[in-house]
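Here's the structure, in structure tokens; my notes come after.
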Number of protein chains: 2
Amino acid sequence: MRKNGPTIGDVAALAEVSRATVSRVMNGSTTVDPGIAERVRSAAASLNYRPSNLARSLSLGRTGTVAVSVPDLRNPMLHAVLQGVTEAAERDGYHLLVSIAGEDIAAEEAHFLDARQRCDGLILINPRGPQEQLRAVLQQAAPAVVVNRETSTLPAPCLSIDHQYGLTLLIEHLVSLGHRHLAYVAGPQGAVSDPPRRRAVSAALDTHPQLRIDIVDGGRDVFDGRRAAESAVSTGATGVLVFNDLVAVGLLARLHELGVDVPGEVSVTGFDDIDLSHCSFPALTTVGVPHHDLGRAAWAEMAALLREPGVDRRTVRSFRPQLVLRESTEQVPA
Amino acid sequence: MRKNGPTIGDVAALAEVSRATVSRVMNGSTTVDPGIAERVRSAAASLNYRPSNLARSLSLGRTGTVAVSVPDLRNPMLHAVLQGVTEAAERDGYHLLVSIAGEDIAAEEAHFLDARQRCDGLILINPRGPQEQLRAVLQQAAPAVVVNRETSTLPAPCLSIDHQYGLTLLIEHLVSLGHRHLAYVAGPQGAVSDPPRRRAVSAALDTHPQLRIDIVDGGRDVFDGRRAAESAVSTGATGVLVFNDLVAVGLLARLHELGVDVPGEVSVTGFDDIDLSHCSFPALTTVGVPHHDLGRAAWAEMAALLREPGVDRRTVRSFRPQLVLRESTEQVPA
DNA sequence: TTGAAAGCGATACCAG
DNA sequence: CTGGTATCGCTTTCAA
């Protein structure tokens, strides 16, 4: 079993001190004779010794890292969130450990707990799976923070983007431009952010009795957008609300091929304000989403939990998107 | 120190057996009396016991996970590679642990080793930092696999995309269409894949004496592409080779605004064949890159290293891109 | 200031 | 088939 690197014992032997002393030196204890300390340091250096994180964590009862679980990495929205979390965590001296849950929703629970056990905490981003299961996981995984899940009083802090508000912003914008018939190109099956948008649609229909909104199948990527283009226009809508910017870009491309003028004949909106929405033809009206802030806030919650273990915080906070007007929307033609 | 969950000892006590037996049951040993096994299982269940991965790993000498270090997650190319690695690893019963190295190149080394120590191996993707440092890291981090680093005999398997070949493909294509003056919109500072492309440029200039290729500053995202558009056309080139598809899409958008017709006045090529290259105006001629295969292969190397520890494999393999013709390139106008 | 020894939570060998 | 015990590598009282 000893094919691994040098252990604290080897260093102790070489420096002719006890393991306890080596430990003290490695952890920068001041109560060590400078001469001895130096001897230990050079022994460690010459052996190329690195303390085992595993053993250290086991003994210390903490690892200095927290796990972030994401469903899959294709969603560009995740990168901004991850970026935010990483930066904040780094500042607090914590490492992040991204674990990709993968397609298999059934295996998700095991994945979560596995990741959690190597770390001091768990941040779940866009967790899928039934409410009950999530609840159970959260119980065992504390401290945990949930990002972007419909919050129905889960036993953990829940942060999310207010997708309903975002879509409402876009709908109101189109309505104010005179549109009375819209289409919503929906997200993929099981997307956590789809239901709130559908709620925005319902709410808008209540608010504006003369408004009509058809829902058509969409998806998550540019190809889904291409495919949805024809169904969307065939509804006769003058405004198309698309699940996100990526899908919208695909849809715009197809509309272009079909010779449908945007925004002349139909207006199109996206969601997320990704870089690309500047570069589509025409540039995309969308809502900007504070993913980065969301990430930072998620870390803040985690940091708080780490600081005072035991307390069960249940902060619920949602972040509001902002309208970003570009060329893809305009008055409905008379 | 005992604020953690139940330990194997608690289960043993409740089931009135030894810890050894509990361990056997938890690991599915067949040599356990069914009755006892059942007693243990229910004890474990009632305590909600989960074996500590940390302790388990320490004892076992293996963790069942390998670390994958990436510079940052914004590069869409990484996702495909990660996807490939993940799928393959999963099949072998290994978990992946993605660690984001972050901006700070100085801290990269520490990051690598830290990640490595929590895992059985380390896969470095697009590692930056000087050759010497990388070499040193690899020494300590074995088993390790390097992806996409200029391979100059590092002490580890090195897999990479043959960027030089890819750009050569595109250059030859443009040349065969009659172009004699090209521009190369370069990648960001320090991008590992930029030097090989510059080599492709040099090589092409040798092969085609009457060819001219100007190099202009580019970058990594759509905005860099927008910014580069004017310099690129002002060279007077009839064909623009762009660092990657994302940058190319940005450049196309700006050209459109400037009223430059593509491919009428100038041809444009990308690199990577991302989904989006179907949806630009016009659709982008590019090269398809087998990122997914690369990821799978990286895992295969890692799996081999894990299987027979000690041997130092130094496989060097590079993956060739394939030309993908679309509408953004055409004969140079007479 | 230093060292001996008792954990941390599990695995695995060796008897019984 | 089961239990006692050494072990993994490190930290941390507690004495000396």
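Below, chains carry the letters A, B, ... as their sequence lines are ordered, and counting in each starts from 1.
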query: Which is true for A:Val22 with a 4.0 Å heavy-atom rule: it touches a base, it touches only sugar-phosphate, or it touches nothing?
result: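 A:Val22: no heavy atom of the nucleic acid under 4.0 Å.
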query: Between B:Ala55 and B:Ala20, which has a closest nucleotide on DNA chain C that is more 5'?
result: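 First, find each residue's nearest nucleotide; the 5'-ward one identifies B:Ala55.
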task: Check step by step if side chain to side chain donor-acceptor pair (under 3.5 Å) holds for A:Glu87 and A:His292.
output: CA-CA 10 Å; A:Glu87 288 171 12; A:His292 197 271; 3.2 Å; yes
- request: Kindly say if A:Ser18 contacts the phosphate of C:dG3, meaning a side-chain N or O under 4.0 Å from OP1 or OP2.
  value: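 Yes.
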field: Phosphate-side-chain proximity, A:Thr21 and C:dG3, N/O vs OP1/OP2 below 4.0 Å
entry: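 Yes, A:Thr21 has a side-chain N/O under 4.0 Å of OP1/OP2 on C:dG3.
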field: B:Trp299 and B:Arg91, any side-chain heavy atoms less than 4.5 Å apart
entry: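 Side chain of B:Arg91 against side chain of B:Trp299, heavy atoms only: no contact under 4.5 Å found.
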message: Does any part of the side chain of B:Leu58, heavy atoms only, come nearer than 4.5 Å to the side chain of B:Leu54, both counted from C-beta?
response: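 Counting from C-beta outward, B:Leu54 and B:Leu58 never come under 4.5 Å.
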message: Is there a side chain to side chain donor-acceptor pair (under 3.5 Å) between B:Gln117 and A:Arg50? Walk through the geometry before answering.
response: CA-CA 9 Å; B:Gln117 269 171 345; A:Arg50 314 207 129 256; 5.6 Å; no
Value in whole Å for how far the [atom2] atom of [N] lies from [atom1] of [X]:
{"X": "A:Glu38", "N": "C:dT2", "atom1": "CD", "atom2": "C1'", "value": "18 Å"}
{"X": "A:Arg19", "N": "C:dA6", "atom1": "CZ", "atom2": "P", "value": "12 Å"}
{"X": "B:Glu16", "N": "D:dG3", "atom1": "CD", "atom2": "P", "value": "10 Å"}
{"X": "A:Asp33", "N": "C:dG3", "atom1": "CG", "atom2": "C1'", "value": "15 Å"}
{"X": "B:Arg24", "N": "D:dG4", "atom1": "CZ", "atom2": "P", "value": "11 Å"}
{"X": "B:Ile8", "N": "D:dG3", "atom1": "CD1", "atom2": "P", "value": "12 Å"}
{"X": "A:Leu58", "N": "C:dC8", "atom1": "CG", "atom2": "C1'", "value": "4 Å"}
{"X": "B:Ile36", "N": "D:dT2", "atom1": "CD1", "atom2": "P", "value": "4 Å"}

message: Base of C:dG7, side chain of A:Ser59 - is there a donor-acceptor contact under 3.5 Å?
response: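 Side chain to base: pair present.
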Nearest-nucleotide pick for [X], side chain only, options being [options]:
{"X": "B:Ser23", "options": "C:dG9, C:dT11, D:dC10", "result": "C:dT11"}
{"X": "B:Tyr49", "options": "C:dT11, C:dA10, D:dG9", "result": "C:dA10"}
{"X": "A:Val32", "options": "C:dG9, D:dT11, C:dT2", "result": "C:dT2"}

message: Minimum heavy-atom separation for A:Leu122 and A:Ala141, please, with both atom names.
response: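 Smallest interatomic distance, heavy atoms only, reads CD2-CB, 3.9 Å.
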